[in-house]
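In what follows, a single structure is set out as structure tokens and then discussed.
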Amino acid sequence: MSAPHPLSEVPDQHTPSSSPDGLNLSDLLTEIKDTMEDYVVFPSEEAAIAVVLWTAATYGQRAWQHAPRLVITGPTKRCGKSRLMDVIYEVTFRPLITVNSTVAAIFRSIGDDPPTILVDEADTIFGSAKTSEQNEELRGLLNAGHQRNRPTLRVVGVGTEQTVKEFPTFGMASLAGIGDMPDTIMDRAVIIRMRRRAPHESVKPFRTRRDAPRLRHLGLQLSAHLRGRTDELANLEPDMPLEDRAADTWEPLIIIADLAGDDWPKWAREAAKKMVGDREDVDKASSKEAPILIDCRKIFRARGNPTEIFTEDLLAGLNADAEAPWSEYGQAGLTGRRLGILLEKYGISSENIRIGSAQKKGFLRIKFEDAWLRYCPPEPVPRGDPYQSSQPSLPSSERDGSQSWDGSNRPSKTTVTALTCGNDVGTLGTAPDVLGREAS
């Protein structure tokens, strides 16, 4: 772990009316959102709003009863998960990032004024039943830390001088990885389902030495707004659009939005309802399931790329392919229910459609097209094929094997240790101190 930032000893400032740059909280949140969108393509406007509010809420965690988790997931690699974690790292309160650390190291790092725990590559921890079982203690720590007054007990001492000591677990945490995290973590989380960037979507490359100071400066301003308002924040009880655990998880974000005012209270509640309402219990995403998209595309193409297709016709085409695995999904092959499960993680679902005089369950081609663009390679088509939709050519960087063309991979940077706390922007100082700090 790196040494604490020099500003960590500076006491909190009392409630300011504006940030050091004169931005009110509403304008500051908007500036953070705009800055994040320079480097990240969010899956939706609601997701961008949620990430900004969660980031701001890390500065008020001393006031919260519940510490929401932020789960950043995607169905496959190169969806921008690590890039979003890079950006979050630079603007949150006292980020403590880990890729593979012991539970003991983590809970001994929390303390009474905890850092923001960031777990990247979390699929290596919870990606299979075996690894999840091996990391059950970490899952328990993350679950317990969602609510105050859930300490972990450990026996400490030397030789016969042993005593029981309480270690706090409460604190904000974010996890990023391929596929879903364990259900108990997802149930306590704001979930951001990232997607692979389409060819027409572009972002700026992120370089820590060049771009991190801009984000850290925004974090400094969040600190000026929120770190001195613990009592005020603790006494706020917002009107929540959700109930039960979802309300507990989203309450800090709604409080920040209400404090900011302007359009943020409306945006926050709309995001909460939309993102919680969209949540489904789905199978863990896997890049091995992308062939379902490719094979569906083949069937649409063989039928002349119709605008819609009945589920039974799509299933018949999939199960009839002797070289595909779909006919082995049970005695009857792939069923409509299983097909729906395979496709729902890509935002594709069936509905009632009418073809001629018949009305049955089926799929619209338009719902596949976005997923085909993001997760399938361009399809080679004979010259003059009337059904080929235009697809941009890949840049030479993709063809010659150099850095991935979609830009979502993390840039090369100096190797960091597994557990770091390199920038404590959760304390106050002057902007030049933060902007002039050497990148880790």
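This one's a predicted model, so the numbers in the text were calculated from it and none came from an experiment.
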In a table with atom names and distances, give each donor-acceptor pair under 3.5 Å that connects a side chain of residues 262-272 to protein atoms at least two apart or in another chain.
from, atom 1, to, atom 2, distance (Å)
D262, OD2, S26, OG, 2.8
W264, NE1, S26, O, 3.3
W264, NE1, T30, OG1, 3.4
R269, NE, D239, O, 3.0
R269, NH1, D258, OD1, 2.8
R269, NH1, P265, O, 3.3
R269, NH2, D239, O, 3.0
R269, NH2, D258, OD1, 3.4
R269, NH2, D258, OD2, 2.9

Please determine if [X] and [Y] form a salt bridge, counting it only when a charged side-chain N lies under 4.0 Å from a carboxylate O.
| X | Y | result |
| --- | --- | --- |
| D370 | R195 | yes |
| R374 | E201 | yes |
| K367 | E308 | no |

Inset, instruction - Mind listing the closest non-hydrogen atom pair of E46 and M275 along with its distance? - result: O-SD, 3.6 Å

Inset, instruction - Please determine which of K81, R188, R193, M181 meets the side-chain contact (heavy atoms from CB on, under 4.5 Å) test together with V71. - result: M181

Inset, instruction - Decide yes or no on side chain to side chain contact (heavy atoms under 4.5 Å, CB included) for F300 and R297, but give the supporting numbers first. - result: CA-CA 5 Å; F300 270 93; R297 185 172 64 178; 5.8 Å; no

Inset, instruction - For T116 and M172, indicate whether the former's side chain and the latter's backbone hold a donor-acceptor pair under 3.5 Å. - result: no

Legend entry - Y59 six-ring face occupied by R227 cation (under 6.0 Å, within 45°): no

Legend entry - Residues T249, H66; criterion side chain to side chain contact (heavy atoms under 4.5 Å, CB included); working and verdict: CA-CA 6 Å; T249 296; H66 295 88; over 6 Å; no

Legend entry - W326 vs I292 side-chain heavy atoms within contact, under 4.5 Å: yes

Legend entry - Inter-residue atom distance E90.CD - T55.OG1, 0.5 Å rounding: 12.0 Å

Inset, instruction - Output all residues satisfying side chain to side chain donor-acceptor pair (under 3.5 Å) with T184, sequence neighbours left out; order by chain, then residue number. - result: R139, N143

Legend entry - Results of side chain to side chain contact (heavy atoms under 4.5 Å, CB included) for R354 - residues two or more places apart only: Q359

Legend entry - Aromatic plane relationship, Y39 with F206 - under 30° parallel, 30 to 60° tilted, over 60° perpendicular: perpendicular

